[in-house]
Amino acid sequence: KDDPRTFPLISSALTESVERRSFNLFASEADALVALGDERGLAFFQELSKKPGTSPQFAANLSGYEARLRTKLAPKQPKP
C-alpha cells in the first residue's frame with residue numbers, strides 16, 4: 001500500500017483485463033484494487049465502467065467493486 005507504484009500497476013492490469021475480456025484476471029485485479037484501499041480506485045472504477053467498449057457485464061461488476069471500495073473507505077462508526 002505504501003509503494004507509489006502499486007496503484008498504477010494494478011489499474012493498468014485491470015484496464016487490460018477488461019479490454020481483453022478476461023474475467024478471471026479482472027476479478028483478481030479488481031479484488032487487489034479494493035484490498036489496496038486507495039481512494040483513487042473509486043474514480044478509476046467509474047471511468048473504466050464508462051469507457052467505450054466496456055461490456056455491460058464488466059460495467060456491472062465494476063460498479064460492485066466500486067461499492068466494496070467505498071464501504072472499505074467509509075469511516076468506521078464507533079460502537080456504543
Side-chain angles (χ1 to χ4, degrees):
K1 181 176 181 174
D2 296 329
D3 189 333
R5 298 171 293 178
T6 305
F7 179 82
L9 287 172
I10 295 172
S11 60
S12 176
L14 184 55
T15 300
E16 187 174 330
S17 68
V18 170
E19 290 171 353
R20 291 183 179 197
R21 299 180 188 255
S22 173
F23 192 78
N24 290 334
L25 290 175
F26 164 81
S28 298
E29 292 152 356
D31 280 332
L33 198 55
V34 170
L36 182 63
D38 189 319
E39 67 182 36
R40 295 177 290 176
L42 296 172
F44 176 76
F45 282 135
Q46 289 176 358
E47 291 169 14
L48 190 55
S49 67
K50 295 175 184 174
K51 186 176 178 180
T54 300
S55 75
Q57 293 84 5
F58 278 101
N61 280 288
L62 285 163
S63 178
Y65 282 106
E66 178 189 345
R68 285 178 47 199
L69 179 57
R70 191 173 304 283
T71 299
K72 180 177 181 151
L73 294 173
K76 305 284 189 260
Q77 297 296 327
K79 294 183 181 182

Exercise. What is the minimum heavy-atom distance between S49 and A59, and which atoms define it?
Worked result: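 Shortest heavy-atom separation between S49 and A59 comes out as O-CB, 3.9 Å.
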
Problem set entry | Least distance between heavy atoms, L73 atom then G37 atom |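 Answer, listing the atom of L73 first, then G37: CD2-O, 3.2 Å.
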
Exercise. Is the shortest heavy-atom distance from the side chain of L33 to the side chain of F45 under 4.5 Å?
Worked result: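 Touching, per the 4.5 Å side-chain cut-off.
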
Exercise. Should E19 and K51 count as side-chain neighbours, where that means a heavy-atom distance under 4.5 Å?
Worked result: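 Touching, per the 4.5 Å side-chain cut-off.
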
To the nearest 0.5 Å, what is the distance between [atom1] on [X] and [atom2] on [Y]?
{"X": "L36", "Y": "K72", "atom1": "CG", "atom2": "NZ", "result": "7.5 Å"}
{"X": "E47", "Y": "E66", "atom1": "CD", "atom2": "CD", "result": "10.5 Å"}
{"X": "T54", "Y": "R21", "atom1": "OG1", "atom2": "CZ", "result": "8.0 Å"}
{"X": "D31", "Y": "L14", "atom1": "CG", "atom2": "CG", "result": "10.0 Å"}
{"X": "T6", "Y": "D38", "atom1": "OG1", "atom2": "CG", "result": "9.0 Å"}
{"X": "F7", "Y": "S12", "atom1": "CZ", "atom2": "OG", "result": "10.5 Å"}

Problem set entry | Cluster overlap V18 with L25, hydrophobic side-chain contacts below 4.5 Å |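 No; L25 is not reachable from V18 via cluster members.
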
Exercise. Do L9 and F44 belong to the same hydrophobic cluster, where Ile, Leu, Val, Met, Phe, Trp and Tyr are linked whenever their side-chain heavy atoms lie under 4.5 Å apart, directly or via other members?
Worked result: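 Different clusters: L9 never reaches F44 through Ile, Leu, Val, Met, Phe, Trp or Tyr contacts under 4.5 Å.
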
For this session: Show your reasoning for whether ring-ring contact (aromatic ring centres under 6.0 Å, His included) applies to Y65 and F26.
Result: CA-CA 11 Å; Y65 282 106; F26 164 81; 5.7 Å; yes

For this session: Give a yes or no on this: more than 12 heavy atoms of other residues, nucleotides or ligands lie within 6.0 Å of atom CD of Q46.
Result: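 Yes, the 6.0 Å shell around CD holds more than 12 heavy atoms from other groups.
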
Exercise. Donor-acceptor pair, S11 side chain versus P8 backbone, under 3.5 Å?
Worked result: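 Yes.
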
